[in-house]
Amino acid sequence: MYEFYEIQYRDAYKVSAYASVAHQIIPEKLRVNGKVYLRSPKLKGGGRIPFEEKIGVNSGLTVQPFDRITFEAWADYVGSRRTFQTNEKLDSFILLGGQLDVEVTERFGAYIKLVNILNQDYEVWQGYNERPFQAYGGVTVKL
């Protein structure tokens, strides 16, 4: 595998263009951001770099309704990609997530994080399904 990447990908390049925006709708309380990108992942010989999408979108929203509570939500779109050996098409996918942070004191807090809320069945790499819906929770400590 190392030899393939060393020889074949030595002359790879990606030309990218993107537009991004971030705005505080209500200062320190409500923020939005978004990014759209287009790129051309190519090999010198004219082929496409495997597992690299041509289009994607990242977006997010942060709400802080009270001083010690923050809610974040995000949505990411990853366009279709080509595989390595079989040159099959991997489908595009959308990932939604969110996180709630509660600051109990200046040093201690707690969080709940949700990932892949739509319970998408998708692959970043061919043959390796990513995890379905996930929920995390924990305690935060600032030293």
Side-chain angles (χ1 to χ4, degrees), residues 1-6 8-44 47-143:
M1 196 62 110
Y2 172 76
E3 195 171 291
F4 173 82
Y5 286 99
E6 179 67 28
Q8 300 295 324
Y9 283 10
R10 188 176 336 173
D11 295 322
Y13 64 93
K14 273 192 264 188
V15 176
S16 300
Y18 67 92
S20 181
V21 64
H23 183 63
Q24 284 195 52
I25 296 171
I26 302 171
E28 306 301 323
K29 298 288 182 192
L30 179 60
R31 298 180 296 274
V32 295
N33 64 68
K35 175 182 174 182
V36 175
Y37 61 89
L38 302 169
R39 58 187 181 184
S40 177
K42 298 280 186 183
L43 297 171
K44 186 176 182 180
R48 189 166 156 188
I49 299 173
F51 306 106
E52 293 281 338
E53 71 273 11
K54 288 185 173 185
I55 185 169
V57 178
N58 308 110
S59 61
L61 169 75
T62 303
V63 179
Q64 189 172 18
F66 306 104
D67 285 343
R68 296 179 180 247
I69 296 176
T70 304
F71 173 74
E72 295 179 64
W74 58 87
D76 295 328
Y77 169 80
V78 176
S80 63
R81 292 138 301 128
R82 293 285 176 190
T83 62
F84 162 57
Q85 293 175 332
T86 61
N87 202 30
E88 291 177 40
K89 183 178 172 184
L90 290 176
D91 292 332
S92 59
F93 58 89
I94 295 174
L95 289 179
L96 298 181
Q99 182 165 327
L100 174 67
D101 289 288
V102 178
E103 188 178 311
V104 179
T105 69
E106 285 188 28
R107 293 186 177 250
F108 296 98
Y111 73 94
I112 296 171
K113 182 177 183 178
L114 306 175
V115 179
N116 195 2
I117 292 173
L118 297 177
N119 201 28
Q120 291 266 0
D121 182 26
Y122 70 98
E123 295 176 332
V124 174
W125 303 101
Q126 182 182 22
Y128 297 94
N129 285 339
E130 293 295 320
R131 294 183 184 185
F133 171 76
Q134 302 156 63
Y136 301 94
V139 176
T140 56
V141 178
K142 295 179 186 176
L143 302 176

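Since this is a predicted model, take the numbers as computed values, not measurements.
- A salt bridge is defined here as a Lys NZ or Arg NE, NH1 or NH2 lying under 4.0 Å from an Asp or Glu carboxylate O, and Asp67 with Lys29 meets this definition.
- In this structure, Phe133 and Leu114 have side chains that are in contact, with non-hydrogen atoms separated by less than 4.5 Å.
- Here the side chains of Val78 and Tyr122 are not in contact, with every heavy-atom distance at 4.5 Å or above.
- A distance of 11.5 Å separates CD1 in Ile26 from CZ in Arg31, rounded to the nearest 0.5 Å.
- The minimum heavy-atom distance linking Tyr77 with Tyr37 is given by the pair O-OH, 4.4 Å.
- Considering only heavy atoms from C-beta on, Phe108 comes within 4.5 Å of Val141 through its side chain.
- Asn116 approaches Arg131 most closely through the heavy-atom pair ND2-O, 3.0 Å.
- Going from atom CG of Leu30 over to atom CD1 of Ile25 covers 4.5 Å, rounded to the nearest 0.5 Å.
- Smallest separation of non-hydrogen atoms from Arg81 and Glu53: CG-N, 3.3 Å.
- Ion pairing of Arg82 with Glu52 is absent here, as no side-chain N (NZ or NE/NH1/NH2) approaches a carboxylate O to less than 4.0 Å.
- Inter-residue side-chain proximity for Ile69 and Leu100 is flagged as met; some heavy-atom pair is nearer than 4.5 Å.
- A donor-acceptor pair is defined here as one N or O able to donate and one able to accept, closer than 3.5 Å; no such pair exists between the side chain of Thr70 and the backbone of Asp101.
- Between Leu143 and Arg107, the shortest heavy-atom distance links the atoms C-NH1, 3.7 Å.
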Would Leu118 and Leu95 satisfy side chain to side chain contact (heavy atoms under 4.5 Å, CB included), going step by step from the backbone distance to the final call?
CA-CA 7 Å; Leu118 297 177; Leu95 289 179; over 6 Å; no
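- Remark: the backbone N or O of Glu88 is paired with a side-chain donor or acceptor of Thr83 at under 3.5 angstrom.
- Closest of all the heavy-atom pairs between Lys142 and Glu106 is CD-O, 3.5 Å.
- The backbone N or O of Gly60 sits less than 3.5 Å from a side-chain atom of Asn33, completing a donor-acceptor pair.
- The CZ atom of Phe66 sits 15.0 Å away from atom CD of Glu103, with the distance rounded to the nearest 0.5 Å.
- Between Leu90 and Val124, the closest heavy-atom pair is CD1-O, 3.9 Å.
- Looking at Trp74 and Gln99, their side chains come closer than 4.5 Å, going by heavy atoms from C-beta outward.
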